[in-house]
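Have a look at the structure below before the remarks.
Below, read A as the first sequence line, B as the second, and so on, with proteins coming before strands; counting in each chain starts at 1. Note that the structure is predicted; figures quoted are calculated from it, not measured.
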Protein chains: 2
Amino acid sequence: MARETDPALIAVDWGTSSLRLYLVAADGSILETREGAEGVMNVPAGDFAGTLTRWLAGWPADALPILMCGMVGSRQGWREVPYLDCPVAPADLGRALAAVESGTGRGIWIMPGLRCRDDAGVPDVMRGEEAQLLGALAGPDAGTEMDCCLPGTHSKHVRISAGRILSFSSHMTGEVFALLTRQGIIGRLMPDGLVSPDAEAFAAGIRRSAAPGGLLHQIFGARTLPLMEELSPPAIGDYLSGILIGHELRATRWHGEVRVMAGSELVARYVRAFEALRIPARAMPADLSARGLWLIARQAGILA
Amino acid sequence: MARETDPALIAVDWGTSSLRLYLVAADGSILETREGAEGVMNVPAGDFAGTLTRWLAGWPADALPILMCGMVGSRQGWREVPYLDCPVAPADLGRALAAVESGTGRGIWIMPGLRCRDDAGVPDVMRGEEAQLLGALAGPDAGTEMDCCLPGTHSKHVRISAGRILSFSSHMTGEVFALLTRQGIIGRLMPDGLVSPDAEAFAAGIRRSAAPGGLLHQIFGARTLPLMEELSPPAIGDYLSGILIGHELRATRWHGEVRVMAGSELVARYVRAFEALRIPARAMPADLSARGLWLIARQAGILA
């Protein structure tokens, strides 16, 4: 007879640049985790089925259902799954799973991403983060009214209301930071390799983000301050990061305590930024996406 | 006897990525112009003297004095010339020329760049643009109170008061645009090669820059709108450009009619952006830097 701790699902968060797999038990606990850089952009010859099979090797998983989220459901992924329009309740996602024809006879599904529009009608999208949100919504201390922040290359600010994902906005903070420091003129003054975090420079950047002159002006300070020897080269990255994250977080109107989603080394940085802005915030547990996918699988009746 | 139209000066604007030389007559008129990509970053083996000699080949210039401005006076240039602190009058610049030891016996000078500090004490710098400002200050319709905008990779907003350069701010608009479109995810949706300008997309970007959500959020629309087929791929660049330039220009408090300095294909774009923001602005004539360098050379008594 099947036990609560037997494997019952393989949950997969398959993003643009990375892949994370969870072997999940019938009771939702995570038994094993695998992670690598074979994101959607790096799948050899678009062979998603073969790539997935390699990653599953050795897991007692031949007959287990697989539920995936992330860019694997985009046009560049395995199968394009249309976005669901906000507001979206967990049950809506459970009803909208798209089956993948894998030729193996096993059940493989992709969960849709979300779309919303702001007051001006400009669309915004997410693929993958919704699994974490579902996990957070089911947590022991979840409210039906919550603001969430998901740091990342394109970080997301999410408003949850009446237990549904009401709206969200994306912010290109991580990408702009990477471009400025790796390819731009600011990066030329920065030392190669890892440097120690500089909390004071980060805090100075956050303060700077409130000054007049605008973001495009303020980031020029990450060039002129080192030029005048008023900021040390190892501190440039933290100063710039403070300016960008400060702008990002100030641009949203937050309600109550913000839940900062984990799964990235950026979480502690974001929690500190919220503190500096006197906005209550706390870090959420890691691996909420496995929890969210398990909940949806159970709801959709596809658990083993 | 020397005539007013005889060559009297070689004026050189030697920037990071390009080099522009003017053969200037005694009366300040431009006789000939040369231009190329041998900017400070591209000078072979740091051989500034040899590079300059090659560029002067064939000009009746053996004995003419040379006055340069731009990054040639930076740490990475021919000779580092300390910045002058604002406010700066034209006469201050004339007194601060730095002689270059060229070994040729001819007179070669570099004009210093400018530095200022904002209310928070953060420094800002320019090297090269000050020559254009001097040219504008000496124009027939110059005021002693003027706001100037110099579009570029790091565009400058300059306040001129009582005939002096009072303060300025730099904005990384051009660099951020180049990074986002050449290296970033937005660029992946853009067609290769030149596209026709799309005035409506540019205007939509400027309007968008006034919406809530902040710059880091708004630029994500340059990804989601094409994804939803609500913006055509050839229009992405103009839409993004409108958002960035809109943010740049809104961040400064302008007084009266803004003079937009020429010398870049961006001028018409900036004048249109000012119009969209209902800020009076007009384009200035090109080659004002040659005029400014000639004025300073005359003042310093180094004209042939």
Side-chain angles (χ1 to χ4, degrees), chain A residues 16 74-76 83 115 117-125 153-157 169-180 182-186 188 204 207-208 210-225 227-228 230-231 244-245 247-253, chain B residues 16 41 74-76 83 115 117-125 153-155 157 169-180 182-186 188 204 207-208 210-225 227-228 230-231 244-245 247-253:
Chain A
T16 303
S74 72
R75 208 165 301 169
Q76 291 77 40
Y83 294 101
R115 180 172 62 180
R117 290 185 185 271
D118 67 16
D119 292 342
V122 176
D124 208 325
V125 292
T153 305
H154 301 151
S155 64
K156 310 282 183 191
H157 300 175
S169 62
S170 303
H171 302 260
M172 294 184 75
T173 316
E175 178 168 339
V176 168
F177 178 81
L179 290 170
L180 286 170
R182 287 184 205 154
Q183 328 265 358
I185 197 167
I186 291 172
R188 289 191 208 148
R207 284 193 302 275
R208 181 70 177 152
L215 175 59
L216 295 167
H217 167 60
Q218 288 164 10
I219 57 178
F220 197 64
R223 166 137 181 96
T224 51
L225 285 168
L227 207 61
M228 299 297 151
E230 294 169 23
L231 182 70
L244 293 172
I245 294 176
H247 270 274
E248 177 199 319
L249 299 186
R250 283 179 209 281
T252 289
R253 197 169 147 241
Chain B
T16 302
M41 289 302 173
S74 72
R75 208 165 301 170
Q76 291 77 40
Y83 294 102
R115 182 172 60 180
R117 289 186 186 271
D118 66 17
D119 292 343
V122 176
D124 209 324
V125 293
T153 306
H154 301 152
S155 65
H157 301 175
S169 61
S170 302
H171 303 258
M172 295 185 73
T173 316
E175 178 169 338
V176 169
F177 178 81
L179 289 170
L180 287 170
R182 287 184 205 155
Q183 328 265 356
I185 197 168
I186 292 171
R188 288 191 208 148
R207 283 193 302 275
R208 180 71 177 151
L215 175 60
L216 295 167
H217 167 60
Q218 287 163 12
I219 57 179
F220 196 64
R223 164 132 183 101
T224 50
L225 285 167
L227 208 61
M228 301 295 150
E230 294 169 22
L231 182 70
L244 293 171
I245 295 175
H247 269 275
E248 177 199 319
L249 299 186
R250 283 180 209 280
T252 290
R253 199 170 145 242

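Contact annotation for A:Glu175: only side-chain heavy atoms (C-beta onward) come within less than 4.5 Å of a heavy atom of chain B. A:Glu230 touches chain B through its side chain: at least one heavy atom from C-beta onward sits under 4.5 Å away, while N, CA, C and O do not. The contact between A:Asp118 and chain B is made entirely by side chain atoms (from C-beta outward), counting heavy-atom distances below 4.5 Å. For chain B, no part of A:Arg250 is nearby; none of its heavy atoms comes within less than 4.5 Å. In this structure, the portion of A:Leu215 lying under 4.5 Å from any heavy atom of chain B is its side chain and not its backbone. Contact of A:Arg75 with chain B is made through the side chain alone, with heavy-atom distances under 4.5 Å. Of the two parts of A:Arg115, only the side chain, counted from C-beta on, holds a non-hydrogen atom closer than 4.5 Å to a non-hydrogen atom of chain B. Contact annotation for A:Thr252: neither backbone nor side-chain heavy atoms come within less than 4.5 Å of a heavy atom of chain B.
Across all their heavy atoms, B:Thr224 and A:Pro123 have their closest contact at OG1-O, 2.8 Å.
A:His217 has its side chain out of reach of B:His157: every pair of non-hydrogen atoms, C-beta onward, lies at least 4.5 Å apart. Looking at B:Val125 and A:Met228, their side chains come closer than 4.5 Å, going by heavy atoms from C-beta outward. Looking only at side-chain heavy atoms (C-beta outward), A:Val176 and B:Leu179 stay at 4.5 Å or farther from each other. When side chains are defined from C-beta on, B:Met172 counts as touching A:Ile185, because their heavy atoms get closer than 4.5 Å.
Counting heavy-atom pairs closer than 4.5 Å to chain A, the top residue among B:Asp119, B:Ile186, B:Leu227, B:Asp124 is B:Asp124. Chain A forms more heavy-atom pairs under 4.5 Å with one residue of B:Arg207, B:Arg253, B:Glu248, B:His154 than with any other, namely B:His154. Among A:Pro212, A:Gly213, A:Ala178, A:Gly214, the residue making the largest number of heavy-atom pairs under 4.5 Å with chain B is A:Gly213. Across B:Gly221, B:Ala211, B:Gly184, B:Ala120, the residue that shares the most heavy-atom pairs under 4.5 angstrom with chain A is B:Gly184.
No more than 12 heavy atoms of other residues, nucleotides or ligands shown are found within 6.0 angstrom of CZ on A:Arg182.
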